[in-house]
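A quick write-up on the structure given underneath.
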Protein chains: 2
Amino acid sequence: MITLSEFKNLVSLSKRDICREIYVENAEKIKVKKEDRVVKNLAKIFDATLAISNKKGFHAMSLRNLSEGAGLSMGALYSYFTGKDELLAMIQEQGRRLTTRILVEQVEAAPGLREKLRAGIVAHIYLSEVMQPWFYFSFMEARNLDKKQMKAAIESEILTEQVFADILRSGREEGIFEVADPDMTAALIKANLQEWYVKRWKYRSRGVAVEDYARFVIGWVEAFVCPGRPLAIE
Amino acid sequence: MITLSEFKNLVSLSKRDICREIYVENAEKIKVKKEDRVVKNLAKIFDATLAISNKKGFHAMSLRNLSEGAGLSMGALYSYFTGKDELLAMIQEQGRRLTTRILVEQVEAAPGLREKLRAGIVAHIYLSEVMQPWFYFSFMEARNLDKKQMKAAIESEILTEQVFADILRSGREEGIFEVADPDMTAALIKANLQEWYVKRWKYRSRGVAVEDYARFVIGWVEAFVCPGRPLAIE
DNA sequence: GTCTATACATAGATAGAC
DNA sequence: GTCTATCTATGTATAGAC
C-alpha cells in the first residue's frame with residue numbers, strides 16, 4: 001500500500017496551487033489584481049477561516065476574528081470576497097473539486113477492480129488527512145450553503161459514492177465481489193472514510209496512524225465484499 | 001429482529017417524560033414552578049430549538065427566532081433557562097443520558113454475545129431514528145459546548161464505543177468473534193450507527209427503511225467479526 | 001407567568017483617506 | 001491595495017407593566 005508521504009509527492013497539491021486555482025476561478029470577484037499578492041493573501045484568509053471555523057463554527061466567526069487571524073484589515077478582506085457567504089462557497093467548492101479529481105485519478109490508475117476499490121479508499125483517506133481542516137469544514141458547514149451551493153454539495157457527495165458503487169457493480173459482474181446492494185455498500189464505505197476526518201481527534205489521541213486506519217478499512221470492507229478471500233494488504 | 005414500532009412500545013420514551021426529567025434536573029434554574037406548565041413549555045422550546053438549529057445551526061438561531069418558533073416571548077424564554085449556552089447544555093446532556101441508558105438496558109437484556117452485539121446495533125439505530133433531531137443536534141453542536149460540557153460529551157462518546165468493544169472482547173474470549181482490534185472495530189461500528197442520523201436525508205430520499213438499515217449494518221459487521229459463519233437476521 | 005419596551009454589544013458591510 | 005472610521009442591522013439580555 002502506498003504511504004502517505006509517497007501519496008503527497010504523487011498528487012503534489014500545494015496550498016499555493018489550490019489558492020491560485022481559486023483565484024483563477026473567481027478573478028472577476030476579486031478586486032486585487034497582482035496574482036502573487038492574491039495567492040499569498042488568499043492562503044492567509046483560508047488558513048484563518050478554517051482554523052477559526054473548525055473550532056467554533058463558520059457563523060460564529062466574525063469578520064473581526066478573521067481580520068485578526070489573517071493579519072488583514074476588514075476593509076482589505078472585502079477586496080478578496082464580496083461577503084461572508086461567498087467566502088464559504090469558495091472554500092467549499094474548491095474542496096469538492098479537488099476531492100473528485102484526485103479520487104477519480106487514483107481509481108483510474110489502478111489496474112484491476114479489487115485494486116481500484118483499495119485505491120479509492122486509500123486516496124480518500126490520505127486526501128482527507130492532508131487536507132483535514134478543509135474536509136472537516138466542508139462537512140460541518142454544508143448546511144449554511146445557499147440553495148444552489150447546497151445542490152452542488154449533495155451532487156458531489158452522491159458522485160463520490162457512485163465511484164465506489166460503480167467499482168462494486170463491475171466487480172460483481174466479473175465475479176470478484178459478492179455484493180447484494182452496491183449503493184448501500186458504497187454509502188457505508190463512505191461513512192467509514194468520513195469517520196477519519198470527522199473524528200480525527202479520537203484517532204490522534206489513540207495514536208492510530210493514517211496508514212493503519214486505511215489498512216483497517218480495506219480489511220473491513222473486503223471482509224464484506226470478498227468473503228472467504230482475504231488478500232494481504234502490503 | 002425487533003421492529004421499530006415494537007421498540008417504541010418497549011422503551012416508552014415520550015417527549016413529556018424527557019422534558020419532565022430535564023425539569024427535575026434543572027429545577028433550581030427554572031423560574032416557573034408549576035410542573036405541568038414547565039413541561040408543556042419546555043417541549044415547545046426544545047422542539048423549536050431542534051427544528052431551527054438543525055436547519056441553520058444553533059449559533060445562527062437567534063432568541064427572536066426561538067421566541068417565534070416556540071410561541072413564547074423573549075422575556076418568557078428567560079424563565080426557562082438563564083442563557084443560550086444553558087439551553088444548549090440542557091438538550092445535549094439529556095440526549096446523552098437517554099442514549100446510554102437505553103443502549104445499556106437493551107444490551108444487558110440480550111442472552112448471548114452475538115445477540116448483544118445485534119441488540120446494541122439495533123437499539124442505537126432505532127433510538128436515533130425516534131429521536132433523530134436530538135441526535136443530529138448533539139452531533140453537530142458538540143463543538144459549541146464549554147470545556148466542562150465538552151469533556152462530558154467526549155466521555156459519553158467513548159462510553160458508547162466501549163459498550164461495543166466490551167462485547168467484542170468477551171466474544172473473542174469465548175471464541176464467538178474473530179477480532180484483532182476490538183477498539184478499532186467498535187469505532188467503525190459507531191461510525192456506521194452515526195451515519196443513519198447524520199445522513200438521514202439520503203436514506204429518506206432512497207426509501208431505505210430503518211429496519212433495512214439495521215439489518216444491513218448487522219450483516220456488514222458480522223461479516224468482519226464472524227467470518228464464514230453467517231446467521232439469518234430474522 | 002408572560003408580555004412589551006428597551007439597553008447595550010457586536011455583527012456585516014462600506015466610504016474615503018492614505 | 002490597505003487602512004481607519006463609521007453606518008445600520010441584529011444579537012443577547014433585562015426591567016418593569018400587566
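Any value given below was found using the heavy atoms of this structure, including those in side chains, with hydrogens, waters and symmetry copies removed. Owing to the predicted nature of the structure, the values given are computational and were not obtained by experimental measurement. In what follows, every chain begins at residue 1, and chains take the letters A, B, ... in the order their sequences are listed.
Every ring-ring contact (aromatic ring centres under 6.0 Å, His included) that A:Phe7 has, sequence neighbours left out, goes to A:Tyr126. With sequence neighbours left out, the ring-ring contact (aromatic ring centres under 6.0 Å, His included) criterion links B:Phe46 to no other residue. Partners of A:Glu211 under the salt bridge (Lys or Arg N to Asp or Glu O under 4.0 Å) rule, at least two apart in sequence or in another chain, do not exist in this structure. A:Tyr213 is linked by a side-chain hydrogen bond (donor to acceptor under 3.5 Å, both in side chains) to nothing, counting only residues two or more places apart in sequence or in another chain. Shown here are the side-chain hydrogen bond (donor to acceptor under 3.5 Å, both in side chains) partners of B:Arg16, two or more places apart in sequence or in another chain: there are none. For B:Glu68, the side-chain hydrogen bond (donor to acceptor under 3.5 Å, both in side chains) criterion is met by no residue, not counting sequence neighbours.
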- Message: Output one letter per nucleotide in nucleotides 11-18 of chain D: B when a protein non-hydrogen atom lies under 4.0 Å from the base, S when only the sugar-phosphate is that close, - when neither is.
- Response: BBBB----
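Only A:Lys33, A:Lys34, A:Arg37, A:Asn41, listed by number, bring a heavy atom of residues 33-46 of chain A to less than 4.0 angstrom from any atom of DNA chain D.
Taking atom CD of A:Glu68 as the reference point, atom P of D:dT4 lies 13 Å away to the nearest angstrom. Nucleotide C:dG12 holds its C1' atom 13 Å from the CG atom of A:Leu87, rounded to whole Å.
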Would you tabulate the side-chain donor-acceptor contacts of residues 80-89 of chain A under 3.5 Å, counting partners in other chains and residues two or more places apart, or write 'none'?
from: A:Tyr80; atom 1: OH; to: A:Asn41; atom 2: ND2; distance (Å): 2.8
from: A:Thr82; atom 1: OG1; to: A:Glu86; atom 2: OE1; distance (Å): 2.8
from: A:Lys84; atom 1: NZ; to: A:Phe58; atom 2: O; distance (Å): 3.0
from: A:Lys84; atom 1: NZ; to: A:His59; atom 2: O; distance (Å): 3.2
from: A:Lys84; atom 1: NZ; to: A:Met61; atom 2: O; distance (Å): 2.8
from: A:Glu86; atom 1: OE2; to: A:Thr82; atom 2: N; distance (Å): 3.4

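The main-chain N or O of B:Pro133 is found under 3.5 Å from a side-chain atom of B:Asn54 such that the two form a donor-acceptor pair.
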